[in-house]
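For reference, the structure is listed below as structure tokens.
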Amino acid sequence: MYTRPLQLSQILAQPHPEIDLRLESYEKSTRQFLDAVANYTAQAVDEITRRRDQHALLLKKEAEKRKAMEQEVVDCKVKEIELMKLLEQEQAERRDAESAVTALKRQLNAVRDKCASVDVEIEQYKANILTLRSEKMKERKILEKHASKTTPQVKALERRLHFTVEGVQKDMLLLRFTHIDPSDDTREFSIVIDISNPEYKVPTMTPSLPALPSLLAELNETRAFYIFIKRVRQAFCDLISPRTQ
């Protein structure tokens with residue numbers, strides 16, 4: 001809006017001089033200015049508020065991000081500690097396993113050495129067994145040769161003595177006597193002697209001989225086997241003699 005400049009000489013020349021201050025226009029202009037200032041202020045406040053809220057939101061996000069990062073760092077440190085413990089445990093287990101493997105290797109080497117030594121002993125035993133077998137075969141042949149010569153003599157002696165000895169089981173001897181019963185020369189009187197222990201025993205006898213316990217006790221005391229045989233025969237004779245009287 002254009003305002004003409006005041007002509008002071010013209011105004012003073014008037015009978016009633018007055019100056020038109022254009023208050024309405026001024027007031028209108030002032031109101032427009034104040035409205036403009038108010039609008040600007042409101043916009044400025046809104047902008048400041050918006051920027052403040054935006055900044056606060058940004059700070060909140062940054063704080064949350066920082067907190068998340070700090071928590072992640074804490075979690076990573078905890079995980080690192082757990083991994084270190086796990087690593088130490090694995091290392092300890094590895095050391096134990098290596099120690100166990102080393103011990104087993106030593107045991108294996110010892111067993112191999114022992115096996116080698118045992119193999120040597122086995123081979124030596126085999127050689128000794130072969131030697132013993134060879135010696136036994138030689139002795140057996142000698143005994144068989146000697147038995148072939150003495151068997152007829154033994155048989156003849158047994159016939160004359162009316163007495164035989166033979167092995168019936170391991171460590172068992174069967175003693176047979178004949179020509180005791182006058183009514184039957186072929187009737188056999190026998191006892192079985194167990195010689196598996198130092199103290200001799202008689203598990204069976206035919207017929208039952210009441211005097212046997214004392215005879216057996218004497219045998220275990222004197223070890224005189226030939227005398228025991230003679231006295232057993234005599235005991236069988238004494239057992240039969242009352243029947244012939």
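The structure displayed is predicted, hence computed values, not measured ones.
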Quiz prompt | side chain to side chain contact (heavy atoms under 4.5 Å, CB included) assessment of R31 paired with K28 | solution = CA-CA 5 Å; R31 282 195 302 272; K28 182 179 180 181; 4.0 Å; yes
query: So, do F177 and F189 have ring centers that fall under 6.0 Å from each other?
result: no
Would you mind writing out the side-chain donor-acceptor pairs for residues 193-206 within the sub-3.5 Å range, not counting sequence neighbours?
| from | atom 1 | to | atom 2 | distance (Å) |
| --- | --- | --- | --- | --- |
| D194 | OD1 | S196 | N | 2.9 |
| D194 | OD1 | S196 | OG | 2.7 |
| D194 | OD2 | S196 | OG | 3.4 |
| Y200 | OH | R223 | NH2 | 3.4 |

By side chain to side chain contact (heavy atoms under 4.5 Å, CB included), R94 pairs with (sequence neighbours left out) E98
Applying side chain to side chain contact (heavy atoms under 4.5 Å, CB included) to V120 and not counting sequence neighbours gives none
### Query
Can L219 and R231 be said to form a side chain to side chain contact (heavy atoms under 4.5 Å, CB included), step by step?
CA-CA 10 Å; L219 170 62; R231 291 187 176 177; over 6 Å; no
Residues at least two apart in sequence or cross-chain that pass side chain to side chain donor-acceptor pair (under 3.5 Å) with T186, listed by chain then number, are D184
Across all chains, not counting sequence neighbours, the side chain to side chain donor-acceptor pair (under 3.5 Å) partners of E188 are none
Residues pairing under salt bridge (charged side-chain N to carboxylate O under 4.0 Å, His left out) where one sits in residues 32-49, two or more places apart or in two chains, turn out to be E47-R50, E47-R51
ring-ring contact (aromatic ring centres under 6.0 Å, His included) pairs touching residues 60-81, sequence neighbours excluded, are none
Quick one: side chains of residues 126-133, donor-acceptor pairs under 3.5 Å with protein atoms, not counting sequence neighbours, listed by atom name and distance.
| from | atom 1 | to | atom 2 | distance (Å) |
| --- | --- | --- | --- | --- |
| N128 | OD1 | Q124 | NE2 | 3.3 |
| N128 | ND2 | Q124 | O | 3.3 |
| T131 | OG1 | A127 | O | 2.8 |

Check: residues 57-80 side-chain donor-acceptor pairs under 3.5 Å, at least two apart:
| from | atom 1 | to | atom 2 | distance (Å) |
| --- | --- | --- | --- | --- |
| Q71 | NE2 | D75 | OD1 | 3.0 |

* Asked: Do L175 and I229 pass the side chain to side chain contact (heavy atoms under 4.5 Å, CB included) test, and can you show the C-alpha distance, the side-chain angles, and the key distance before you say yes or no?
  -> CA-CA 8 Å; L175 308 183; I229 294 173; 4.2 Å; yes
Compile the donor-acceptor pairs under 3.5 Å between side chains in residues 82-92 and protein atoms, sequence neighbours left out, one pair per line.
| from | atom 1 | to | atom 2 | distance (Å) |
| --- | --- | --- | --- | --- |
| Q89 | NE2 | E93 | OE2 | 3.3 |

Cluster membership besides L174, Ile/Leu/Val/Met/Phe/Trp/Tyr side chains within less than 4.5 angstrom, sorted by chain and number, is V168, M172, V192
Quick note, side chain to side chain donor-acceptor pair (under 3.5 Å) partners involving residues 105-123, not counting sequence neighbours, are none
